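For clarity, every value in this text was computed on a predicted model and none was experimentally measured. Labels below follow one simple rule: chain letters A, B, ... track the order of the sequence lines, proteins then strands, and each chain is numbered from 1.
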2 protein chains.
Amino acid sequence: MTRPSEVTRERIMKAAERLFAERGYDGTSVRAIVARARVNQAAINYHFEGKDGLYREVLRAAFQGLTEHQLAHAAEARAMSREEALAAFIRRQLRPLLARDEASRHIRIFNWESVRPTPVFRKLLSEEAAPFMGLATDLMRRFLPDADHRTLTVAAIWLLGQCSVFVRNREQLAGPPVQLSLEEAAVEWLAQTISRWTILGLGRAAG
Amino acid sequence: MTRPSEVTRERIMKAAERLFAERGYDGTSVRAIVARARVNQAAINYHFEGKDGLYREVLRAAFQGLTEHQLAHAAEARAMSREEALAAFIRRQLRPLLARDEASRHIRIFNWESVRPTPVFRKLLSEEAAPFMGLATDLMRRFLPDADHRTLTVAAIWLLGQCSVFVRNREQLAGPPVQLSLEEAAVEWLAQTISRWTILGLGRAAG
DNA sequence: TCCGTTTTCAAACTATTGTTTGAATTGTCC
DNA sequence: GGACAATTCAAACAATAGTTTGAAAACGGA
């Protein structure tokens, strides 16, 4: 593995991640990618054996980055009260509302996949979703200590849904008729509101 | 307007609705539509002035059907207790988990749009979303009588998010590792669980 | 039945897609 | 520096996309 080839490979990955996040797999052409990465057409086939291969790599990187991003906070979450930990989790999930950083793009890529999962994604999910879901269910267990496995799983999905609806529909919610503000203070208020409702909701639920 | 032309027009609409719901706008070719509708290639351009025009019609019909589907229950909802009304609303939102009927397809079409809204959809949404969102906010007002407009709007979106995450990810949730059952009893249990958590969550929230 | 309109049809057209090609260039190691 | 592999490049390829075309068929009112 030589150095210069790694450069173009990285440029392709970077450009592809942004475009896949913005327009999805079908909406992104290899010509758009190579134009953005400023590399040659054939580079994608040379380095990734085609668009599919490139997408698989982007997906893997996104999944890895996202789980690491959450696992990094798993330790400190255990030191918090369950309410603080939940609020922190929700705040992290709402992050794409504010930032257009890497983690936000990763979440957006998975949003695309949630509508019509590609085979690549399905495989990846069944293999690597466990640790991420485990974080959410662990969190739920602190509120529902007596709940069975099914209830905990549903609670974890329920929690994710409360956040993802805002992330997913960001563009629409920002415009009329909702006009949801996406400034830092407003998002913080949103995170706290969702946290409060969620905590209350789980408060006395027997499961 | 003669009769036979209406027939092919309706066949195209029906086939297009199913395919758009299943594969989205980009994933559906006009050739696939005409094959399913068993009409000629040029029929779409003749009757709808192109794929865009057809999609706009499908979208309008879907939106209209969906709001009517909810508005039809608005009257009886007012006769229920707020808890019953909420449970009924949630049960209705979870309907696509069980049925593959028309309403389910309409919801799926909007799921596609929520990732990358087409201009057609944006326009339609800003014009006709008000009554549907009004239903949800009215429901929330019964739990949060003192809340301001912003809080009510957020609460309505929050409510929708709790349901849509299950509908949207139906396929994935049905498989491993979650293995969520999609039988009638299981979905009913799911609806009741979500209802309970939501009611508790809003229970003492000051807004 | 006849005429004018509406509707259907097979075929071709243009644009864009992902991929392949083979030569030219660059880099690496002896 | 020279030989070999790795990489880049412009161009072309095959497949598919949405749309257009012009003739044929079906229809409806006289």
K.L.:
Between residues 49-61 of chain B and DNA chain C, which residues have a heavy-atom gap below 4.0 Å?
P.N.:
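Residues of residues 49-61 of chain B under 4.0 Å from DNA chain C: none.
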K.L.:
In whole angstroms, how far is the P atom of C/dT8 from the OH atom of B/Tyr46?
P.N.:
7 Å
K.L.:
Measuring from A/Asp26:CG to A/Trp112:CH2, what's the distance to the nearest 0.5 Å?
P.N.:
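Separation between the atoms: 8.5 Å.
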K.L.:
Can you say whether the rings of B/Trp197 and A/Trp158 are parallel (under 30°), tilted (30 to 60°) or perpendicular (over 60°)?
P.N.:
tilted
K.L.:
If you measure from NE2 on B/His47 to CD1 on B/Ile12, what distance do you get to the nearest 0.5 Å?
P.N.:
5.5 Å
K.L.:
What integer distance in Å separates B/Ile44:CD1 from C/dT8:P?
P.N.:
12 Å
K.L.:
Considering just the side-chain nitrogens and oxygens of A/Thr8, establish if one lies under 4.0 Å of OP1 or OP2 belonging to D/dT7.
P.N.:
no
K.L.:
Would the B/Phe121 and B/Phe110 ring centres measure less than 6.0 Å apart?
P.N.:
yes
K.L.:
Would you kindly compare B/Arg38 and A/Ala42 by the position of their nearest DNA chain C nucleotide and give the one closer to the 5′ end?
P.N.:
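That would be B/Arg38.
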K.L.:
Can you check the A/Gln41 CD to D/dT8 P distance for me, whole Å?
P.N.:
14 Å
K.L.:
Specify the separation, in whole Å, of atom CG of B/Asn40 and atom P of D/dA25.
P.N.:
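Between P of D/dA25 and CG of B/Asn40: 14 Å.
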K.L.:
Report the distance from atom NE2 of A/His47 to atom P of C/dG18, rounded to the nearest whole Å.
P.N.:
18 Å
K.L.:
Starting at CZ of B/Arg11 and ending at C1' of C/dT7, how long is that distance when rounded to a whole Å?
P.N.:
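About 14 Å, once rounded to whole Å.
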K.L.:
Of all of residues 23-33 of chain B, which get a heavy atom below 4.0 angstrom from DNA chain D, listed by number?
P.N.:
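When residues 23-33 of chain B is checked for heavy atoms under 4.0 Å from DNA chain D, the hits, listed by number, are B/Thr28, B/Ser29, B/Val30, B/Arg31.
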K.L.:
Is it true that atom CD of A/Glu83 has more than 12 heavy atoms of other residues, nucleotides or ligands lying nearer than 6.0 Å?
P.N.:
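Correct, the count exceeds 12.
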K.L.:
So does A/Arg92 have more than 12 non-hydrogen atoms from other groups sitting under 6.0 Å from CZ?
P.N.:
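Result for CZ/A/Arg92: enclosed.
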K.L.:
B/Asn45 has an atom CG; how far is it from atom C1' of D/dA17, in whole Å?
P.N.:
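Rounding to the nearest Å, CG of B/Asn45 and C1' of D/dA17 are 12 Å apart.
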K.L.:
Tell me which pairs pass salt bridge (charged side-chain N to carboxylate O under 4.0 Å, His left out) where either residue lies in residues 46-60 of chain A, with sequence neighbours left out.
P.N.:
A/Arg9-A/Glu57, A/Glu57-A/Arg60
K.L.:
Quickly work out the B/Ile12 CD1 to C/dT7 C1' distance and round it to whole Å.
P.N.:
11 Å
K.L.:
Would you compute the distance between atom CD of A/Glu22 and atom OG1 of A/Thr28 and round it to the nearest 0.5 angstrom?
P.N.:
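So the CD of A/Glu22 and the OG1 of A/Thr28 are separated by 8.0 Å.
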K.L.:
Please report the shortest heavy-atom distance between A/Leu66 and A/His106, naming the atom on each side.
P.N.:
CD1-CB, 4.1 Å
